[in-house]
Amino acid sequence: MQLGPDIVERLNRARADLRMGVPVVLCAGEGAVLALAAEALVPARFAALSALGPTIMAITSRRAETLKARAYDGDIARLTVPGDATPAWVTAIADPADDLRSPMKGPFLSVREGDPTLARAAIQLAKSARLLPAALLVPVTDPAGIAAAEGLTLIDWDKAAPEIARASALHPVIHARLPMEAAEAGRLHVFRPEDGGEEHYAIEIGQPPRDRPVLARLHSACFTGDLLGSLKCDCGPQLRAALGQMGAEGAGVLLYLNQEGRGIGLANKMRAYSLQDQGFDTVEANHRLGFEDDERDFRLGAALLKKMGFSAVRLLTNNPAKIRMMEANGIRVAERVPLKVGRTRHNEGYLATKARKSGHLL
Ligand SMILES: Nc1nc2c(ncn2[C@@H]2O[C@H](COP(=O)(O)OP(=O)(O)OP(=O)(O)O)[C@@H](O)[C@H]2O)c(=O)[nH]1
Ligand SMILES: [Zn+2]
């Protein structure tokens with residue numbers, strides 16, 4: 001094995017760079033660009049980037065729709081950055097916070113020619129760094145040279161793309177006994193992915209036999225609901241009800257997946273909440289930010305269950321997408337166990353939207 005970072009390790013470095021506002025060098029085929037996450041832009045870097053040549057801004061077609069900009073690349077759009085653009089211009093395109101106050105942001109000139117692969121790559125990296133899905137790009141002719149001269153992370157996207165598409169392997173780190181209110185016979189397992197991403201946890205209650213369907217819950221992290229008792233969603237009551245039912249039956253497994261905000265991260269979820277205060281529903285808010293309704297990767301739930309030796313579940317959920325993903329990834333869903341708790345006057349609308357737009361079973 002080489003001593004330096006392989007492509008997966010470089011990708012994780014690139015995410016950290018983007019979060020700090022440091023550009024990364026992306027190349028694919030003959031093309032190469034410097035890419036910078038719009039959210040982390042500071043004026044000095046914007047000036048340095050613009051000095052290298054004409055800049056384009058990549059956004060998702062969801063965001064382009066709100067901005068009334070043309071998207072010629074299917075799921076993304078590339079906008080020409082005007083010569084007199086400022087960092088505030090970039091922020092206003094990336095972040096919908098002031099859309100209602102200043103709705104007339106265009107007109108925008110969308111790029112039609114050229115290959116959108118690297119623009120799409122930059123957005124995918126920004127998303128996986130839990131940043132707003134928007135990036136600035138400047139073409140470069142000598143990617144290896146500029147990466148070496150400036151100490152930048154260089155990513156060969158032809159090698160990186162298949163790695164990103166493949167779910168990272170998760171390895172058990174440690175497990176220990178954890179007596180809980182819901183069940184004294186609890187055990188917490190910590191799993192760590194190979195790609196340097198978020199750790200995920202499994203809470204095993206009792207000693208569920210591996211040859212029978214286990215009572216299981218795939219719970220996505222919700223800081224506001226799980227910890228703060230937020231009334232805007234039903235996560236906290238669902239978490240406690242699931243553990244309670246497992247405690248009462250004496251066996252079960254709850255996967256606590258660190259996919260805050262349906263996979264967009266807490267900062268973006270709070271941006272979505274702020275848009276919800278302006279009158280948009282949970283799905284519209286995600287779209288205005290440039291995200292899909294649900295950015296979670298449920299494959300890892302199936303991977304964790306398999307790793308723990310389970311092959312069939314009685315799944316506590318109201319979300320048919322979770323059932324489909326389990327089945328598609330080799331875990332049989334012997335039964336769906338409804339989990340209807342925690343309705344409040346604050347989350348009625350949220351739950352109704354999930355039923356109407358995301359197919360949740362009420
Ligand atoms: N983006 C976004 N995420 C939200 C919002 N409200 C809650 N969430 C997140 O949504 C996720 C809810 O997870 P789950 O309860 O596992 O998922 P579910 O799809 O409702 O499925 P079931 O509860 O199993 O029926 C958590 O990650 C929350 O942080 C919101 O308004 N916007
Ligand atoms: Zn929640």
Side-chain angles (χ1 to χ4, degrees), residues 60 62 96 127 130-133 198 200-203 215-243 245-246 252-302 304-305 313-326 331 333 335-344 346-362:
T60 66
R62 293 281 188 203
K127 271 191 189 181
R130 302 279 189 260
L131 297 167
L132 285 168
E198 298 270 12
H200 304 285
Y201 319 127
I203 295 118
L215 183 64
R217 165 98 184 128
L218 262 65
H219 185 88
S220 300
C222 178
F223 172 71
T224 47
D226 298 343
L227 258 69
L228 304 180
S230 159
L231 302 175
K232 269 181 74 77
C233 61
D234 54 351
C235 302
Q238 281 189 325
L239 175 63
R240 281 175 282 282
L243 289 174
Q245 189 164 340
M246 291 171 192
V253 60
L254 182 138
L255 304 184
Y256 194 93
L257 307 172
N258 276 310
Q259 308 168 313
E260 174 66 59
R262 296 199 296 272
I264 65 177
L266 185 62
N268 286 322
K269 183 173 96 170
M270 287 304 105
R271 291 187 170 115
Y273 275 13
S274 166
L275 294 174
Q276 289 169 32
D277 285 342
Q278 297 178 10
F280 300 104
D281 71 30
T282 181
V283 170
E284 291 163 346
N286 261 38
H287 291 177
R288 291 183 82 86
L289 287 163
F291 293 105
E292 295 304 315
D293 315 11
D294 197 333
E295 296 271 358
R296 286 176 288 184
D297 183 353
F298 284 129
R299 288 178 303 180
L300 62 91
L304 282 180
L305 287 168
V313 289
R314 290 164 54 224
L315 194 63
L316 278 155
T317 188
N318 309 319
N319 183 352
K322 286 188 184 175
I323 300 173
R324 284 195 296 274
M325 283 307 288
M326 285 281 107
I331 297 284
V333 179
E335 182 190 347
R336 177 183 81 88
V337 184
L339 188 57
K340 290 174 187 164
V341 287
R343 283 175 186 274
T344 71
H346 299 275
N347 67 22
E348 256 167 17
Y350 166 73
L351 295 173
T353 303
K354 289 216 294 190
R356 202 174 67 252
K357 295 191 174 174
S358 312
H360 280 60
L361 305 155
L362 273 179

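Positions are given from 1, in the same order as the sequence printed here. Read the numbers this way: they start at 1 and go in the same order the structure lists the ligands and their atoms.
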Revision key, fill the gap. In chain-and-number order, ligand 1 lies under 4.0 Å from a heavy atom of each of Arg217, Leu218, Ser220, Ala221, Cys222, Cys235, Gln238, Gln259, Glu260, Gly261, Arg262, Ile264, Lys269, Tyr273, Gln276, Thr282, Asn286, Arg296, Thr317, Asn318, Asn319, Lys322, Tyr350, Lys354, His360
Review point. Is it true that the NZ or CZ of Arg62 lies under 6.0 Å from the centre of Phe291's six-membered ring and within 45 degrees of the ring axis?
Key: no
Review point. Under 3.5 Å, is there a donor-acceptor pair linking the side chains of Asp226 and Tyr256?
Key: yes
Review point. Between Arg296 and Ser220, does any side-chain donor sit less than 3.5 Å from a side-chain acceptor?
Key: yes
Check your understanding: Which value, rounded to 10°, describes the SG(Cys233)-the Zn ion (ligand 2)-SG(Cys222) angle?
Key -> 120°
Practice item. Would you kindly say whether Gln238 and Lys340 are connected by a side-chain donor-acceptor distance under 3.5 Å? Key: no
Point to revise | Thr224 and Lys269: side chain donor to acceptor below 3.5 Å | key: yes
Exercise for review: May I have the step-by-step check of side-chain contact (heavy atoms from CB on, under 4.5 Å) for Lys232 and Asn347, ending in yes or no?
Suggested key: CA-CA 5 Å; Lys232 269 181 74 77; Asn347 67 22; 5.5 Å; no
